[in-house]
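What follows is a set of notes on a single structure, which appears directly below.
Every value quoted in this text rests on a predicted model; they were computed, and no experiment measured them. In each ligand, atom 1 is the first atom listed, and ligand 1 is the first ligand listed.
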Amino acid sequence: MRALKLHELSLADRLADLAVDALIDEADLSPKPALVDRRGNGAHSDLHLGLMHASALSLWPMFKAMAEAALECGEVGVPLREALGRIGREGEQAMLVTTDGVNTHRGAIWALGLLTAAAALEPRALTLNAARLALLNDRYAPHAASHGALVAQRYGARGAREEAQLGFPSVMQRGLPQLRKSRQQNTGEQNARLDALLAIMTDLADTCVLYRAGLEGLQAMQLGAQAVLDAGGSATLAGRRQLQALDQQLLALNASPGGAADLLAACLFIDRLDGAL
Ligand SMILES: CC(C)(COP(=O)(O)OP(=O)(O)OC[C@H]1O[C@@H](n2cnc3c(N)ncnc32)[C@H](O[C@H]2O[C@H](COP(=O)(O)OP(=O)(O)OP(=O)(O)O)[C@@H](O)[C@H]2O)[C@@H]1O)[C@@H](O)C(=O)NCCC(=O)NCCS
Ligand SMILES: Nc1ncnc2[nH]cnc12
């Protein structure tokens, strides 16, 4: 009898799966303050959960292409940085076609793109190589007047670029340790993920929040997230009350922590990488 030939997934396939899974898990996680989740649209009139899912799935070929580019280049350097920039811009176009022009995952393309490429190079040097890639100049990057650039100018805020260049401190020093601590306390996986998101929010200069709601919004996000964790986290009644208050406060300010959401996806990606490769 002929042996059944099993279809083996390549490393690039598996990394793209992990990246998209992380985006879908982030979108589904509920209740997230002022963000799109299973309950609704948060502070967004143009987003909904189905669109977040469709957007995440549209990025699968892009993540695969980024991992393949890393495997082909074999090292951190300008050729890989510029290949990622080109693939990222094409991915962004595919996302905008899928969402009919709505920016769902720009920050995630950046953070998870760098991490996917770095994971293909050497998982043990993940954030170091992602940071080294982020520090390199891409000659072809357009100098667009982005929201991030605008609030960097207005408030001197460090945004998505700097977060990556520093090796994702919000993920490595806040989100990931909190995710694992909450799991150890048997909070349940969804509460542990919510706690990780909140830990990221306690310290992040989220340029989406700054753009929409200024320093008042950023302070409300950071202090409110800390208050949930101080009250015992998402798994406790007191923590849930604080979480509900944070949701209401951010909605009233029209402040959506989209950057923190992207970094939660990065956190889930890194968490899963350990056992997956
Ligand atoms: C180098 C880039 C990261 C560009 O960065 P820059 O800050 O100049 O540009 P932005 O367009 O503002 O994009 C940054 C996105 O990163 C997320 N983010 C925000 N703060 C942080 C932070 N502190 N750390 C990490 N990540 C952060 C955030 O993404 C989420 O929010 C998006 C919606 O945001 P926004 O545009 O403000 O809101 P809109 O809905 O469009 O408008 P309003 O409704 O408010 O009116 C959402 O998509 C989330 O993903 C920031 O948006 C890099 O992005 C870049 O150069 N890209 C070009 C392509 C490329 O070269 N890619 C390389 C691939 S490796
Ligand atoms: N769940 C979410 N809601 C709104 N903006 C986002 N950007 C990334 N994830 C998001």
Side-chain angles (χ1 to χ4, degrees), residues 22-49 51-53 55-56 59 62-63 65-66 69-70 80-93 95-96 99 101-118 130 133-134 136-138 140-153 157-166 168-171 197 200-201 203-213 217-218 221 250 254-266:
L23 290 178
I24 289 187
D25 285 349
E26 178 276 302
D28 285 347
L29 182 66
S30 309
K32 295 190 299 287
L35 289 160
V36 176
D37 63 15
R38 287 189 195 274
R39 296 172 307 159
N41 305 348
H44 295 268
S45 54
D46 54 358
L47 293 180
H48 56 82
L49 189 58
L51 203 63
M52 299 306 292
H53 281 198
S55 167
L59 296 176
M62 179 203 73
F63 289 125
M66 285 180 169
L80 178 55
R81 172 66 189 91
E82 290 183 346
L84 295 176
R86 179 183 50 75
I87 298 165
R89 287 187 289 277
E90 286 167 9
E92 207 170 293
Q93 286 314 307
M95 170 192 87
L96 292 172
T99 63
V102 182
N103 173 12
T104 37
H105 282 123
R106 182 160 209 247
I109 292 174
W110 169 249
L112 280 174
L114 291 168
L115 288 167
T116 300
L133 282 167
L136 291 170
N137 193 31
D138 172 5
Y140 306 104
H143 296 284
S146 64
H147 292 172
L150 211 124
V151 301
Q153 206 174 36
R158 292 195 322 227
R161 190 186 307 275
E162 291 78 8
E163 175 69 18
Q165 289 174 340
L166 291 168
F168 297 100
S170 301
V171 177
L197 173 66
I200 290 168
M201 286 165 60
D203 201 37
L204 189 73
D206 192 314
T207 59
C208 304
V209 172
L210 276 169
Y211 179 77
R212 284 188 180 203
L218 191 71
M221 177 191 84
L250 292 186
N254 191 34
S256 164
D262 290 335
L263 291 174
L264 174 69

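Taking atom 23 (N) of ligand 1 as the reference point, the nearest protein heavy-atom neighbour is Ala205 O, 2.8 Å. Thr207 OG1, 3.0 Å is the protein heavy atom nearest to atom 19 (C) of ligand 1. From the protein, the heavy atom lying nearest to atom 51 (C) of ligand 1 is Cys208 SG, 3.9 Å. Counting protein heavy atoms only, atom 10 (C) of ligand 2 is closest to Met52 CE, 3.5 Å. Nearest protein heavy-atom neighbour of atom 9 (N) of ligand 2: Glu26 OE1, 2.9 Å. Given atom 57 (N) of ligand 1, the protein heavy atom at minimum distance is Arg106 NH2, 3.4 Å. In terms of protein heavy-atom proximity, atom 8 (C) of ligand 2 is nearest to Asp262 OD1, 3.3 Å. Taking atom 32 (C) of ligand 1 as the reference point, the nearest protein heavy-atom neighbour is Asn103 ND2, 3.7 Å. Looking at atom 3 (N) of ligand 2, its nearest protein heavy atom turns out to be Val36 N, 2.9 Å. Looking at atom 7 (O) of ligand 1, its nearest protein heavy atom turns out to be Gly148 CA, 3.3 Å. The protein heavy atom nearest to atom 42 (O) of ligand 1 is His147 CE1, 3.2 Å. Looking only at protein heavy atoms, the nearest one to atom 18 (N) of ligand 1 is Gly259 CA, 3.4 Å.
Neither the backbone nor the side chain of Ile87 has a heavy atom within less than 4.0 Å of ligand 1. Only the side chain of Arg212 comes within 4.0 Å of ligand 1, judged by heavy-atom distances. The part of Asp262 lying near ligand 1 is the side chain, judged by heavy-atom distances below 4.0 Å. Here Glu163 has side-chain heavy atoms under 4.0 Å from ligand 1, and that is the only part of it that gets that close. Only backbone heavy atoms of Thr104 (N, CA, C or O) come within less than 4.0 Å of ligand 2; its side chain stays farther off. By the criterion of a heavy-atom distance under 4.0 Å, neither the backbone nor the side chain of Val102 is placed next to ligand 1. Only the side chain of Glu92 comes within 4.0 Å of ligand 1, judged by heavy-atom distances.
Those atoms of ligand 2 with a heavy atom of His44 less than 4.0 angstrom away are 4 (C), 5 (N). Atom numbering of ligand 1 starts at 1 in the shown order; those under 4.0 Å from a heavy atom of Arg161 are 1 (C). Ligand 1 places these atoms under 4.0 Å from at least one heavy atom of Ala108: 50 (O). In the vicinity of Asp206, heavy-atom distances shorter than 4.0 Å reach the ligand 1 atoms 19 (C), 20 (N). Every atom of ligand 2 with a heavy atom of Lys32 under 4.0 Å away is listed here by number and element: 1 (N). Ligand 1 places these atoms under 4.0 Å from at least one heavy atom of Leu84: 64 (C). Here is the list of ligand 2 atoms found below 4.0 Å of a heavy atom in Ala261: 8 (C), 9 (N), 10 (C). The Arg89 neighbourhood of ligand 1 comprises atoms 59 (C), 61 (O), with distances under 4.0 Å to a heavy atom of that residue.
For the pair Leu59 and Leu23, the minimum side-chain heavy-atom distance is below 4.5 Å. Pro257 has its side chain within reach of Leu250: a pair of non-hydrogen atoms, C-beta onward, lies under 4.5 Å apart.
Taking distance alone, with nitrogen or oxygen atoms compared against 3.5 Å, Gly107 approaches ligand 1 more closely than that limit. Geometrically, ligand 1 and Thr104 share a nitrogen or oxygen pair separated by less than 3.5 Å. Residue-to-ligand polar distances keep Leu114 apart from ligand 1: every N/O pair is separated by 3.5 Å or more. Of the polar atoms of Ser146, at least one N or O is found under 3.5 Å from an N or O of ligand 1, judged by distance alone. Considering backbone and side-chain atoms together, Gly88 places no N or O closer than 3.5 Å to any N or O of ligand 1.
Screening residues 23-33 for side chain to side chain donor-acceptor pair (under 3.5 Å) gives Asp25-Arg272, Asp28-His53 as the qualifying pairs, with residues at least two apart or on separate chains.
Note on Arg89 versus Asp138: salt bridge recorded, some NZ/NE/NH1/NH2 to OD/OE distance being below 4.0 Å. A salt bridge links Glu92 with Arg106; the closest basic N to acidic carboxylate O contact falls under 4.0 Å. One finds a salt bridge joining Glu90 and Arg86 here, because a Lys/Arg side-chain nitrogen approaches an Asp/Glu carboxylate oxygen to under 4.0 Å.
In this structure, Ala160 is part of the shell of residues with a heavy atom less than 4.0 angstrom from ligand 1.
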Item to complete: Quick one: do Leu35 and Leu197 satisfy side chain to side chain contact (heavy atoms under 4.5 Å, CB included)? Show the steps, please.
Response: CA-CA 11 Å; Leu35 289 160; Leu197 173 66; 4.3 Å; yes
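Counting protein heavy atoms under 4.0 angstrom from atom 29 (O) of ligand 1 gives one or more.
Looking at His105 and Ser55, their side chains do bring a donor and an acceptor atom within 3.5 Å of each other.
Atoms CG and CG, from Leu263 and Asp206 in turn, are 8.0 Å apart once rounded to the nearest 0.5 Å.
Of the possible donor and acceptor atoms, none in the side chain of Asp262 sits under 3.5 Å from a partner among the backbone N and O of Ala265.
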